Amino acid sequence: MNKIANFTAPGIEDATAEKTIGILDNRMVALVDLALTLKHVHWNVVGPNFIGVHEMLDPQVDAVREMVDQVAERIATLGGEPIGTPGALVERRNWSDYTLGKALVTEHLGALDLVYSGVNEDHRKAIGQLAELDPVSEDLLTGHLRDLEQFQWFVRAHLESASGELATAGTHSEKEAARAARS
C-alpha cells in the first residue's frame with residue numbers, strides 16, 4: 001500500500017510514512033480476517049460448553065473490529081488509503097483460509113489458538129519494525145497486542161489441563177495453515 005496524499009503526520013518523512021502504512025496495512029488485513037474468523041467460529045461451534053464459547057467470542061469480534069477501525073484511521077492519518085473491500089483484502093492476504101466448518105468446541109478453539117498465535121506473533125514483529133519508524137503506530141499495535149494476547153488466553157483456558165498442558169485439537173494441516181497466517 002502506498003502513501004497517496006500530499007501530507008502525512010507532522011514530523012514524519014514521506015518514505016517513513018509509506019513504510020509505516022505498509023506495515024499497518026498488513027495488520028489491518030490480518031485483523032479483518034481475524035474478526036471474520038471469530039464470527040465464523042461463533043456461528044459454527046457446537047458441543048459441550050457451546051454457549052460459553054459462543055458468548056465469549058462476540059466481545060472479541062467487537063474489539064477486533066474496533067482495532068481494524070483504529071488501524072485504518074492511522075493509515076489515513078499518515079496519508080495512505082485504507083482499502084477494505086473484500087476482493088482487495090483477499091488479494092493482499094498471504095495465508096490460507098480458516099478450514100473448519102461446523103465443529104466441536106475443542107476443535108475450533110484448538111484451531112483458533114493457532115490463528116491467534118500467528119496474528120499475535122506478526123503483531124509483535126510489526127511493533128518491532130514500527131519502533132524505528134513511528135512510535136504512535138507502535139503504541140497503537142502494542143495496545144492491540146495486549147488485548148489480543150488476553151483473548152488468546154481466554155481461548156487457551158478452555159484447552160488447558162489442570163497440569164498446564166495445552167491440548168490443541170487442530171490437525172497437522174490446520175496447524176500449518178495457521179502458521180502461514182503469521183505472514
Side-chain angles (χ1 to χ4, degrees), residues 1-42 55-98 111-157 177-183:
M1 174 164 294
N2 296 323
K3 184 176 161 314
I4 61 160
N6 291 325
F7 64 85
T8 190
I12 297 179
E13 301 289 327
D14 284 346
T16 300
E18 193 156 328
K19 288 177 190 173
T20 302
I21 289 165
I23 293 166
L24 292 174
D25 179 65
N26 178 271
R27 298 297 72 220
M28 184 184 80
V29 172
L31 290 169
V32 169
D33 194 76
L34 176 60
L36 292 171
T37 299
L38 288 166
K39 201 61 181 179
H40 172 80
V41 173
H42 169 87
E55 291 178 351
M56 173 186 73
L57 294 177
D58 268 340
Q60 292 183 27
V61 171
D62 293 342
V64 173
R65 285 178 177 161
E66 179 63 27
M67 291 174 196
V68 170
D69 192 51
Q70 292 169 354
V71 172
E73 289 174 356
R74 184 68 185 156
I75 289 169
T77 298
L78 294 172
E81 180 182 18
I83 301 173
T85 58
L89 289 166
V90 170
E91 285 177 9
R92 295 193 320 277
R93 188 176 83 173
N94 56 3
W95 53 86
S96 300
D97 212 3
Y98 189 83
L112 193 53
D113 177 45
L114 296 171
V115 170
Y116 267 121
S117 288
V119 171
N120 293 351
E121 286 178 26
D122 281 352
H123 248 59
R124 194 170 290 281
K125 288 177 191 172
I127 289 166
Q129 294 170 324
L130 291 169
E132 299 189 18
L133 297 171
D134 178 31
V136 175
S137 297
E138 174 192 19
D139 183 61
L140 178 67
L141 292 191
T142 299
H144 292 173
L145 183 57
R146 179 194 61 238
D147 292 341
L148 292 167
E149 286 179 345
Q150 184 180 42
F151 297 157
Q152 185 174 21
W153 172 60
F154 292 166
V155 168
R156 285 180 167 177
R179 288 182 212 279
R182 291 193 294 232
S183 300

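Remember, it's a predicted structure, so these values are computed and weren't measured experimentally.
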query = Does Lys39 NZ have over 12 foreign heavy atoms under 6.0 Å away?
reply =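 Yes, because the 6.0 Å sphere around NZ of Lys39 holds more than 12 heavy atoms from other groups.
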
Is there a side-chain contact between [X] and [Y] in this structure, where contact means two heavy atoms from C-beta onward sitting under 4.5 Å apart?
X	Y	value
Val64	Leu148	yes
Ser137	Ile23	no
Leu31	His123	yes
Glu138	Leu133	no
Asp113	Ser117	yes
Phe154	Gln60	yes
His144	Gln70	yes
Val119	Asp33	no

ask   = In this structure, which one of Thr16, Asp14, Val136, Ile12 forms a side chain to side chain contact (heavy atoms under 4.5 Å, CB included) with Leu78?
value =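 That would be Ile12.
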
message = Applying side chain to side chain contact (heavy atoms under 4.5 Å, CB included) to Val155 and Met56, what does each step give before you reach the verdict?
response = CA-CA 9 Å; Val155 168; Met56 173 186 73; 4.1 Å; yes

Side chain to side chain contact (heavy atoms under 4.5 Å, CB included) assessment of Tyr116 paired with Thr37 = CA-CA 11 Å; Tyr116 267 121; Thr37 299; over 6 Å; no

query = Can you tell me if Arg92 uses its side chain to pair, donor with acceptor, with the backbone of Ala88 under 3.5 Å?
reply =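 Indeed, once roles are kept as given, a pair shorter than 3.5 Å links the two residues.
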
Lys19 and Glu132 ion-paired at < 4.0 Å =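 Salt bridge flag = no for Glu132 with Lys19.
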
ring-ring contact (aromatic ring centres under 6.0 Å, His included) involving Tyr98 - partner list, sequence neighbours excluded =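 ring-ring contact (aromatic ring centres under 6.0 Å, His included) check on Tyr98 returns His40, His108.
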
Shortest non-hydrogen contact from [X] to [Y]?
X	Y	result
Ala35	Val61	O-CG2, 4.1 Å
Arg74	Leu140	CB-CD2, 4.0 Å
Ala76	Phe7	O-CE1, 4.0 Å

query = How would you list, by chain and number, every residue that makes a side chain to side chain donor-acceptor pair (under 3.5 Å) with Asn120, sequence neighbours excluded?
reply =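 Result, side chain to side chain donor-acceptor pair (under 3.5 Å) vs Asn120: Gln152.
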
Nearest-0.5 Å distance, CD of residue Glu55 to NE2 of residue His42 =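 Answer rounded to 0.5 Å: 9.0 Å.
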
message = For the CG atom of Asp139 and the CG atom of Leu130, what is their distance to the nearest 0.5 Å?
response =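 With rounding to 0.5 Å, CG (Asp139) is 11.0 Å from CG (Leu130).
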
